[in-house]
Every structure is written in structure tokens, then in C-alpha cells.
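I have a structure I would like to understand better, so I am pasting it below and will then ask my questions one at a time.
Since we're looking at a predicted model, the values are computed, not measured.
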Amino acid sequence: VQLQASGGGLVQAGGSLKLSCVVSGRIFSNAIMGWFRQASGKEREFVAGMNWSGGRIFYSDSVQGRFTISRDTISRDNAKTVVYLQMNSLKPEDTAVYFCATKRPGLIVTSEYLYWGQGTQVTVSS
């Protein structure tokens, strides 16, 4: 399984960014998809996650109401899918490297994701 995140950049406080994560390869059936972030000098933290169908979605308290996770299949055999993180009303404290990840079905709010992307930098200026 390969994950390629993109869409990061520099934005002013109050602005928006949309991150994308292309997931390819032998994706788990009914996989869990998640976004995490790691600010400089801090531990990586869970941001948002969803099950394959989108029927279960969770957000961290710090982004609830501002961020939206979604998924779209871009190949007919589910061998490639894209996971998005729409980020609105960005704050300087949202500055971090953002990672996408995937795991087998089960818990969503956990650090035990199996495959990770390389990360994309989001910087929010005040």
C-alpha cells in the first residue's frame, strides 16, 4: 500500500486548504483512513478518521467543525482511492506536517495505523 499526500502550503489565519492523499496498492477491504499531524517539537496527533463507507467519522476536538474528511474512489477496482482533508478557518496552531494513513477495519481514533504517507507541510500565518 502506498500513500502520497499533497496540498499543503502557506495560508493566512482564517483561510482554507484542501489536502489530498492518493492511496494505491492492495488497500484493505473496508479500510480505515486517517489524517494525523505533527507540529515541531510535539508528538504526532490524530486529526480525523473515517471508515470506508463514511458511516463513521471522528475528529479531534481541536478541529471539530472546521475540518472535513472525505474519500473518493478513482479506479473501478478500488485499487486507488483519494482521501481528502478540507481545512477551513485555519489557525496558527494548525501549523504542522500532516500525514495520511490507513489501517484494517476497527478503531478509528488510535495511533495504530499500519501504512503512512510522507507528510505535507501546512503553515498558517497570523
Review item, side-chain donor-acceptor pairs of residues 2-20, under 3.5 Å, at least two apart:
unit_1 : atom_1 : unit_2 : atom_2 : d
Q2     : OE1    : S24    : OG     : 3.4
S16    : OG     : N88    : OD1    : 2.9

Q: For the pair K91 (side chain) and T95 (backbone), establish whether a donor and an acceptor sit closer than 3.5 Å, ignoring hydrogens and angles.
A: no
**Q.** CG-CD1 distance between L114 and I32, expressed to the nearest 0.5 angstrom
**A.** 13.0 Å
Q.
Just so I know, are the side chains of V23 and M33 near enough to count as touching, which here means a heavy-atom distance under 4.5 Å?
A. yes
Q.
I'd like to know if the side chain of R71 reaches the main chain of W52, judged simply by a donor and an acceptor atom lying under 3.5 Å from each other, with no hydrogens or angles considered.
A. yes
(Q) Is there a side-chain contact between V83 and W35 in this structure, where contact means two heavy atoms from C-beta onward sitting under 4.5 Å apart? (A) yes
Q) Any idea which heavy atoms bring L107 and K103 closest together, and the distance? A) O-NZ, 2.9 Å
Q | More than 12 heavy atoms of other groups within 6.0 Å of R56 CZ | A | yes
**Q.** Intermediate values then yes/no, side-chain contact (heavy atoms from CB on, under 4.5 Å), F46 and Y59
**A.** CA-CA 8 Å; F46 172 86; Y59 299 96; 5.8 Å; no
Run the side-chain donor-acceptor check on residues 61-68: report pairs under 3.5 Å with partners two or more places apart or on a different chain.
unit_1 : atom_1 : unit_2 : atom_2 : d
S62    : OG     : R37    : NH2    : 3.3
S62    : OG     : S60    : OG     : 3.1
R66    : NH1    : S89    : O      : 2.9
R66    : NH1    : D94    : OD2    : 2.8
R66    : NH2    : S62    : O      : 2.8
R66    : NH2    : D94    : OD1    : 3.0
R66    : NH2    : D94    : OD2    : 3.4

Q | Distance, nearest 0.5 Å, that separates CD1 of I27 from NZ of K80 | A | 9.5 Å
Q: Taking N30 for its side chain and P105 for its backbone only, find out whether a donor-acceptor pair lies under 3.5 Å.
A: no
Q: Would you give the length of the straight line joining atom CE of M50 to atom CD1 of I108, rounded to the nearest 0.5 angstrom?
A: 8.5 Å
Q: Indicate yes or no: at least one non-hydrogen side-chain atom of V1 is less than 4.5 angstrom from one of T102.
A: yes
Q) Which distance, rounded to the nearest 0.5 Å, do you find between the CG of L85 and the CZ of F36? A) 12.0 Å
Q.
Going by side chain to side chain donor-acceptor pair (under 3.5 Å), name the pairs with one or both residues in residues 107-119, residues two or more places apart or in two chains.
A. none
